[in-house]
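The structure appears right after this line, and notes come after that.
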Amino acid sequence: MTAILGGVIIIIFHVLGTLSALMALMSSRTSQGAIAWIISLLTFPYLALPAYWVFGRPRFYGYVSAREERDSSLRQVLTRFRRDLTPFFSRPESDERRLVAVERLAMMPMSRGNHPELLIDGQATFDSLFRGIERAENYLLIQFFIVRDDRLGQELKRRLCRCAERGVRVCFLYDEIGSRKLPEAYLVELQTAGVEVSRFGSSRGWRHRFQVNFRNHRKIMIADGLRGWVGGLNVGNEYMGESPRYGHWRDTHMTLTGPAVLGLQEAFWEDWHWATGTILALNWTPRLSSHGDHHVVIVPSGPADHQETASLIIQQAIHGAHYRFWITSPYFVPDQGVQDALKLAALRGVDVRVLMPEHPDHLLVFLSAFSFLPDMINAGVRIYRYQPGFMHQKVFLVDNDTASVGTVNLDNRSFRLNFEITAYIPSPAFARSVEAMLEQDFKVSREVSLDEVQSRPLWRKIISRAAYLAAPIQ
């Protein structure tokens with residue numbers, strides 16, 4: 001009897017493994033990912049099957065369904081918001097055709113009358129964020145991937161509590177995986193003060209219980225629908241350069257006023273609706289910034305998109321570069337499309353530079369890069385490693401006229417598994433400020449030579465190649 005039962009279980013595993021392999025064949029977003037899953041599911045279904053159900057889903061179907069609900073029940077709010085924003089829709093005439101694709105990927109229009117301002121490193125960023133919390137009058141929307149219960153996390157909590165106690169509606173959203181070490185007492189104290197708290201909940205409900213591989217990696221704050229913040233910094237002492245392990249933490253955030261703030265707000269609004277099922281009543285009236293007239297479009301991206309938005313936005317920027325494309329990322333394992341775009345740009349004479357950390361905080365991702373760096377350097381792509389500490393910023397610069405600041409890393413997780421957000425800014429004035437910032441970063445970085453990556457021992461090359469092949473399922 002035991003032998004019969006064991007045989008039945010083995011057959012069930014192999015049948016489910018075969019069916020899951022067919023699903024991987026039809027739905028995986030990369031050929032590498034499809035091949036890796038198919039071989040694993042057919043060969044070792046006992047181990048691969050549960051792993052595929054947790055890590056192999058290519059799209060966040062629960063969020064897709066919620067978005068369809070929004071498209072019906074919340075259409076009136078969005079229609080009114082977009083109608084009110086119509087007078088502010090605008091594109092720079094010189095880039096009008098190139099920017100159509102960006103708007104279509106963003107599913108948001110580009111607007112004029114905005115003022116973006118760089119916030120370099122933790123002190124400037126949190127000084128600005130804390131001022132924004134103090135000045136909020138009606139509501140404050142705040143979202144982070146990582147929130148720690150340390151000195152900086154405690155300071156954020158105190159300020160949010162005071163903000164709620166003076167009558168401002170505060171909505172606090174966090175990713176339960178990124179903030180898995182955040183104690184319940186921290187959240188209870190916020191709620192006691194009147195802050196509305198919710199985890200993002202990628203595995204919400206029985207239908208979506210296996211979706212733990214998706215993350216909400218966005219870091220944004222919106223005050224009253226008038227001021228917004230977005231960028232690479234989470235909440236923790238290391239982001240202030242206080243970690244003995246990482247030392248100086250190099251990161252970039254930005255603050256924004258103008259109609260484009262409503263793009264940040266819409267992204268939070270969608271995430272909050274998914275997490276809580278409630279519809280926030282917010283200010284959707286656009287207001288021109290009194291400090292500048294820059295064009296900005298906010299580009300949310302994630303596993304609920306029909307297109308691979310994050311990867312395509314970067315490819316569009318690379319293909320649009322005439323003489324310069326500089327990009328920074330702490331995790332540099334781009335998909336084949338981005339790799340090819342970078343190499344082609346370098347081959348046609350564009351100054352292509354990639355800035356990454358000298359020392360990793362994720363070893364597997366760090367090792368993966370060595371498998372394709374020789375081809376990149378051979379094509380003329382210049383690779384730099386940041387020396388003073390850990391480099392975590394997500395920024396790119398195109399020629400002298402376009403720059404972006406956001407949350408997207410150059411890896412499979414950001415391209416396909418994470419909810420991310422980017423401010424895309426075709427503004428020569430803002431591009432100049434990003435250029436000055438990156439020039440300082442390159443001065444304290446070292447360029448990687450072809451000989452350096454080719455002279456590594458064979459065993460390290462094998463490990464790097466294996467790590468790279470696993471990248472699509474990380």
Side-chain angles (χ1 to χ4, degrees), residues 117 119-176 178-201 216 218-242 249 251 253-257 261-262 264-265 267-269 271-273 275-276 278-285 287 289 291 421:
E117 182 180 344
L119 300 169
I120 300 174
D121 291 341
Q123 193 65 55
T125 296
F126 284 98
D127 284 349
S128 179
L129 285 167
F130 290 162
R131 284 195 300 271
I133 293 171
E134 291 172 0
R135 295 173 183 175
E137 296 179 357
N138 299 309
Y139 62 84
L140 184 79
L141 315 176
I142 185 165
Q143 173 178 6
F144 283 100
F145 176 60
I146 295 173
V147 180
R148 301 201 190 281
D149 186 22
D150 55 16
R151 182 195 61 77
L152 185 63
Q154 287 288 325
E155 181 63 23
L156 174 67
K157 181 181 65 177
R158 284 192 292 271
R159 291 176 181 269
L160 292 179
C161 287
R162 288 201 298 266
C163 188
E165 287 164 354
R166 61 185 171 84
V168 176
R169 184 179 187 183
V170 180
C171 298
F172 177 79
L173 185 63
Y174 67 97
D175 185 90
E176 70 273 25
S179 300
R180 61 189 177 277
K181 295 181 181 180
L182 192 63
E184 185 68 23
Y186 186 103
L187 304 173
V188 170
E189 191 171 340
L190 285 171
Q191 292 170 320
T192 301
V195 177
E196 298 175 48
V197 177
S198 179
R199 64 184 182 91
F200 180 66
N216 197 313
R218 294 170 181 164
K219 302 102 173 167
I220 56 179
M221 189 174 88
I222 303 100
D224 303 324
L226 302 175
R227 296 176 299 280
W229 291 260
V230 63
L233 286 102
N234 288 295
V235 181
N237 288 347
E238 66 267 37
Y239 296 90
M240 300 293 288
E242 298 175 8
W249 190 279
D251 220 327
H253 229 70
M254 60 169 280
T255 182
L256 178 67
T257 54
V261 172
L262 299 182
L264 291 175
Q265 181 167 276
F268 182 96
W269 186 60
D271 288 347
W272 186 263
H273 180 258
T276 69
T278 61
I279 302 170
L280 289 171
L282 303 174
N283 167 36
W284 295 101
T285 303
R287 182 180 298 181
S289 173
H291 301 292
I421 195 160

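If you read the sequence from its start, that first residue is 1, and numbering goes on from there.
Distance OG1/T285 to CG/L226: 9.0 Å, rounded to 0.5 Å. Residue R151 holds its CZ atom at 5.5 Å from CE of M240, rounded to the nearest 0.5 Å. In this structure, CD in E196 is found 8.5 Å from OG1 in T276, a value given to the nearest 0.5 Å. Atom CG of L156 is separated from atom CZ of F144 by 6.5 Å, given to the nearest 0.5 angstrom. From Q191, atom CD reaches atom CD of E184 across 7.0 Å, with rounding to the nearest 0.5 Å. Distance check, rounded to the nearest 0.5 Å: CG of L160 to CG of L140 gives 6.5 Å.
A distance-only check finds no donor-acceptor pair linking the side chain of D149 to the backbone of P183 [under 3.5 Å]. Counting only distance, with no hydrogens or angles, the side chain of D251 and the backbone of D121 share no donor-acceptor pair below 3.5 Å. For Y174 (side chain) and L182 (main-chain N/O), no donor-acceptor pair under 3.5 Å exists by modelled atom type. With hydrogens and angles ignored, the 3.5 Å screen pairs a side-chain donor or acceptor of S179 with a backbone N or O of F145. Side-chain atoms of Q143 do not come within 3.5 Å of backbone N or O of F200 as any donor-acceptor pair. Checked by atom type and distance alone, the side chain of S128 never pairs as donor or acceptor with a backbone atom of A124 at under 3.5 Å. Of the possible polar contacts, none joining the N138 side chain to the D224 backbone as a donor-acceptor pair under 3.5 Å is found. For N237 (side chain) and L152 (main-chain N/O), a donor-acceptor pair under 3.5 Å exists by modelled atom type. Distance alone, capped at 3.5 Å, is enough to place a donor-acceptor pair between the E176 side chain and the G201 backbone.
What you find for A164 and G194 is that their closest heavy atoms are CB-C, 4.0 Å. For L173 against A275, the heavy-atom pair with the smallest separation is CD1-CB, 3.8 Å. Here the closest non-hydrogen pair linking V235 and G153 is CG1-CA, 3.8 Å.
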| said: For I133 and M221: C-alpha separation, side-chain torsions, deciding distance, then whether side chain to side chain contact (heavy atoms under 4.5 Å, CB included) applies. | reply: CA-CA 9 Å; I133 293 171; M221 189 174 88; 3.8 Å; yes
| said: Does M254 form a side chain to side chain contact (heavy atoms under 4.5 Å, CB included) with V230? I'd like the steps, not just the answer. | reply: CA-CA 6 Å; M254 60 169 280; V230 63; 3.7 Å; yes
| Which is it for L264 and W229 under the side chain to side chain contact (heavy atoms under 4.5 Å, CB included) test, yes or no, and what are the steps along the way? | CA-CA 8 Å; L264 291 175; W229 291 260; over 6 Å; no
| request: Could you give me the CA-CA distance, side-chain angles and deciding distance for C171 and Y139, then say whether side chain to side chain contact (heavy atoms under 4.5 Å, CB included) is met? | output: CA-CA 8 Å; C171 298; Y139 62 84; over 6 Å; no
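Residues L119 and L129 fail the side-chain proximity criterion, which asks for heavy atoms closer than 4.5 Å. Within the 4.5 Å cutoff, side-chain heavy atoms of L187 are placed close to those of F172. K219 is not listed as a side-chain neighbour of L233, based on a closest heavy-atom distance of 4.5 Å or more. Side-chain contact between R148 and E238: present, with at least one pair of heavy atoms (C-beta onward) separated by less than 4.5 Å. The closest side-chain heavy-atom distance from I279 to H273 is below 4.5 Å. When side chains are defined from C-beta on, L141 counts as touching L280, because their heavy atoms get closer than 4.5 Å.
Atom CD of E155 has more than 12 neighbouring heavy atoms from other residues, nucleotides or ligands inside a 6.0 Å radius.
Between F126 and F130, the ring planes lie tilted relative to each other; the angle falls in the 30° to 60° range.
With sequence neighbours left out, the ring-ring contact (aromatic ring centres under 6.0 Å, His included) criterion links Y239 to W249, H392. Qualifying salt bridge (Lys or Arg N to Asp or Glu O under 4.0 Å) partners for E134, counting only residues two or more places apart in sequence or in other chains: R159.
Donor-acceptor pairing under 3.5 Å is recorded for the side chains of N216 and D271.
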